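Data first, discussion second: the structure below is written as structure tokens.
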Amino acid sequence: MGEPYRMETQNLSVYYGRTPGVRGVSLPIHDRRVTALIGPSGCGKTTFLRSLNRMHDLTPGVRVEGRVLLDGEDVYAPGVDPVVVRRRVGMVFQRPTPFPTMSIFENVVAGLRLVGVRDRHRLAEAAERALRMAALWDEVKDRLHAPAVGLSGGQQQRLSIARALAVEPEVLLMDEPTSALDPISTQAIEDLLEDLKKTVTIVIVTHNMQQAARVSDYTAFFLNGEMVEFGPTERLFTNPEDPRTEAYITGRFG
Amino acid sequence: MPEWIYRRLGDRLFATLVAVLGLGVVGAALLITVVLYQGSAEAFRTFGFFGFLTSSVWDAVRGVFGAWPPLLGTLITASLALLLAFFPALAAAIFVVEMAPRWLREPVAYLVDLLAALPSVVYGLWGIFVLVPLVRAHLELPLFTWAAARAPLLVPLLGPPTGIGLLSATLVLALMIVPYASSLARDALALVPQSQREAMFALGATRWEVVRRVVIPYARAGIFSGVVLALARALGETMAVTMLIGNAVNLPYTVFGPAATMASLIANEFTEADTDLHLSALVAVGFVLLLLSLLTNLAATWVLHRLSRKEVRR
Ligand SMILES: Nc1ncnc2c1ncn2[C@@H]1O[C@H](COP(=O)(O)OP(=O)(O)O)[C@@H](O)[C@H]1O
Ligand SMILES: [Mg+2]
């Protein structure tokens with residue numbers, strides 16, 4: 001094998017009841033690189049992303065077929081605990097989801113409390129590190145114990161990112177993390193991806209092609225539940241192999 | 001109604017109707033308070049307001065009346081019943097909203113709610129014929145004989161193991177208030193956005209951790225409202241308690257032995273009160289009960305206000 005993949009899906013299909021949301025996707029996810037998933041709305045990007053950390057387990061009636069390998073092991077294999085998978089593969093959602101009864105600090109360390117970290121110094125250190133990684137530290141360091149819902153939308157989203165990073169996931173899944181944000185917050189989040197990928201493998205869904213081109217190393221183009229094309233971002237945007245990819249990136253549909 | 005009348009008067013008629021009905025409710029509440037207070041006047045004059053509240057002698061023969069024993073009885077039964085009911089009620093709500101397979105949710109929720117629809121007197125009868133014998137045979141007698149043999153100091157605290165008394169009344173009361181606490185908790189849990197749960201699951205939480213750390217805190221105001229409703233219900237519950245508590249107004253109360261609550265005392269003695277003072281004392285107990293309910297509700301409003309102040313508004 002050449003460059004090792006952090007994750008990889010093999011012939012992955014996801015069904016909502018009888019209707020397929022994603023069909024037969026085989027996608028490599030390179031270690032400590034940013035992989036972008038692009039495609040028109042409803043093409044299965046969210047569906048695909050949620051299969052990577054077994055979020056579909058939580059919704060009755062959703063069936064996943066095929067394999068999702070994390071360091072070569074199928075996360076859907078019998079005996080694999082989805083809780084452990086989700087600790088290793090973190091997720092940031094489209095809308096910020098601060099826990100409203102918790103302070104900023106408690107939000108960030110929520111995942112660490114789950115694994116039983118009690119030591120105050122360790123928690124404080126981890127919170128600072130995660131908040132710095134999410135480029136939020138300077139804005140909140142003086143009010144760590146204020147309610148998280150007092151933050152602006154952009155800050156809340158970076159808080160959600162800090163919260164996901166605090167547990168030190170190996171892979172971070174981001175589902176259109178900037179779609180609900182203003183341009184400045186979007187910029188802040190795009191900037192931090194560059195630093196993050198030194199330590200974390202990132203898969204980001206975006207329906208904004210410019211964003212994909214700016215932040216990602218690899219891009220996968222989805223259409224109608226199938227993966228049309230995958231490749232290094234630069235190659236895919238400058239020299240697409242599939243006419244549908246070309247049509248999409250030149251803005252002829254979608 | 002002819003078209004022209006409707007057109008000319010429609011809105012005004014409606015507004016007036018609503019105002020009259022609304023004010024009527026408020027007026028009725030005020031009237032009840034005034035009448036209760038007037039009815040209590042003689043008792044309060046004779047014993048003093050605080051004297052009446054704190055005196056622990058209730059003796060119709062000597063014409064001495066103090067509200068402390070039934071007040072204590074109400075506080076004990078209601079708070080113990082609430083303690084007993086809270087976790088089962090919350091558990092039932094959690095089961096329905098978070099755990100049960102879809103097909104089981106409606107039936108379980110319906111059955112729990114049904115508990116609130118049973119008339120109080122049915123609980124009383126069920127208590128007398130089913131619960132009391134069970135409590136006596138399997139709880140009180142074994143405990144009593146154990147205490148008599150091993151811990152004689154406990155015997156006076158436990159009281160006579162007859163099955164009729166504080167313990168049985170509290171148990172039935174607890175069962176009666178479960179649906180109130182549970183149904184409001186259920187609504188509150190159901191209102192927690194799925195995104196909150198998913199955010200916690202995505203951090204590697206188990207279902208139980210999600211419920212404990214995210215869902216319950218998010219729903220805490222609604223859960224608390226249910227607790228308040230259940231408490232209000234327990235404070236005023238009359239029929240079933242009267243049938244089961246044994247109606248003895250003498251302190252000290254014992255765990256198994258007979259006791260009285262404010263509501264049960266009034267229900268029990270109202271028809272046989274033959275002096276004006278006795279009657280007035282009973283009305284005064286009613287007035288105290290009203291005050292207690294009012295205070296409880298005010299405190300609850302205050303707590304709710306504090307709970308919801310920090311929360312999201314989205
Ligand atoms: N919970 C669901 N139940 C049924 N169908 C769904 C559900 N979620 C998504 N779908 C369907 O699956 C397809 C892919 O959706 P999604 O993955 O959300 O697309 P994208 O994220 O690319 O916009 C769509 O046709 C959508 O209608
Ligand atoms: Mg989507």
Side-chain angles (χ1 to χ4, degrees), chain A residues 46 49-50 52-61 81-103 106-116 146-151 153 156 159-169 172-175, chain B residues 90 94-109 185 188-227 303-314:
Chain A
T46 298
L49 197 72
R50 287 167 64 90
L52 299 182
N53 65 340
R54 293 191 60 169
M55 287 303 275
H56 289 306
D57 291 21
L58 306 171
T59 323
D81 184 353
V83 166
V84 175
V85 173
R86 292 186 203 121
R87 269 181 203 150
R88 298 176 61 190
V89 183
M91 187 165 217
V92 174
F93 299 84
Q94 197 162 352
R95 304 198 156 273
T97 49
F99 300 131
T101 58
M102 296 183 196
S103 65
E106 284 302 327
N107 262 277
V108 178
V109 301
L112 292 170
R113 292 221 186 269
L114 290 176
V115 289
V149 286
L151 299 173
Q156 289 186 2
L159 180 69
S160 306
I161 295 174
R163 189 174 62 193
L165 291 174
V167 290
E168 303 187 28
L172 184 63
L173 311 176
M174 307 175 100
D175 191 356
Chain B
L90 187 59
I94 291 172
F95 177 76
V96 168
V97 179
E98 306 286 335
M99 312 269 178
R102 197 154 293 220
W103 59 270
L104 200 60
R105 290 180 188 191
E106 282 291 313
V108 173
L189 297 180
L191 280 177
V192 177
Q194 189 60 18
S195 61
Q196 286 279 314
R197 296 187 183 85
E198 289 193 342
M200 199 60 169
F201 273 120
L203 290 173
T206 61
R207 185 164 290 275
W208 163 240
E209 285 164 338
V210 170
V211 169
R212 185 165 78 86
R213 291 170 187 268
V214 171
V215 176
I216 291 179
Y218 194 100
R220 62 189 177 177
I223 295 171
F224 181 74
S225 302
V227 166
V303 172
L304 263 182
H305 183 72
R306 297 217 42 186
L307 279 185
S308 48
R309 202 163 47 186
K310 288 192 220 148
E311 263 163 43
V312 258
R313 280 159 288 271
R314 69 167 72 215

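Residue numbers start from 1 in every chain, and the chains themselves are labelled A, B, ... in the order their sequence lines are given, proteins ahead of strands. Owing to the predicted nature of the structure, the values given are computational and were not obtained by experimental measurement.
Contact of the A:Met91 side chain with the B:Phe201 side chain is not registered, since no non-hydrogen atoms from C-beta on lie closer than 4.5 Å. A 4.5 Å side-chain heavy-atom check between B:Glu209 and A:Val83 finds every atom pair outside the cut-off. Side-chain contact between B:Ser195 and A:Gln94 is absent, with no heavy-atom pair separated by less than 4.5 Å. Put simply, the side chain of B:Met200 reaches to within 4.5 Å of the side chain of A:Leu114, judged on heavy atoms.
Only the side chain of B:Arg102 comes within contact range of chain A, with at least one heavy atom under 4.5 Å from a heavy atom of that chain. The parts of A:Arg163 that come within reach of chain B are both its backbone and its side chain, each placing non-hydrogen atoms under 4.5 angstrom from that chain. If you measure heavy-atom distances from A:Arg113 to chain B, the contacts under 4.5 Å come from both the backbone and the side chain. With a 4.5 angstrom heavy-atom cutoff, A:Pro169 does not touch chain B via any of its atoms. Looking at A:Phe93, the atoms closer than 4.5 Å to chain B (heavy atoms on both sides) all sit in the side chain, from C-beta outward.
Pairing each heavy atom of B:Leu203 with each of A:Gly111, the nearest pair is CD1-N, 4.0 Å. Here the closest heavy-atom approach between residue B:Gly204 and residue A:Arg87 is recorded as O-NH2, 3.0 Å.
When the candidates A:Met102, A:Arg88, A:Met55 are compared by the number of heavy-atom contacts under 4.5 Å with chain B, A:Met55 comes out ahead.
We find the CD1-OG1 distance between B:Ile216 and A:Thr101 to be 11.0 Å, quoted to the nearest 0.5 Å.
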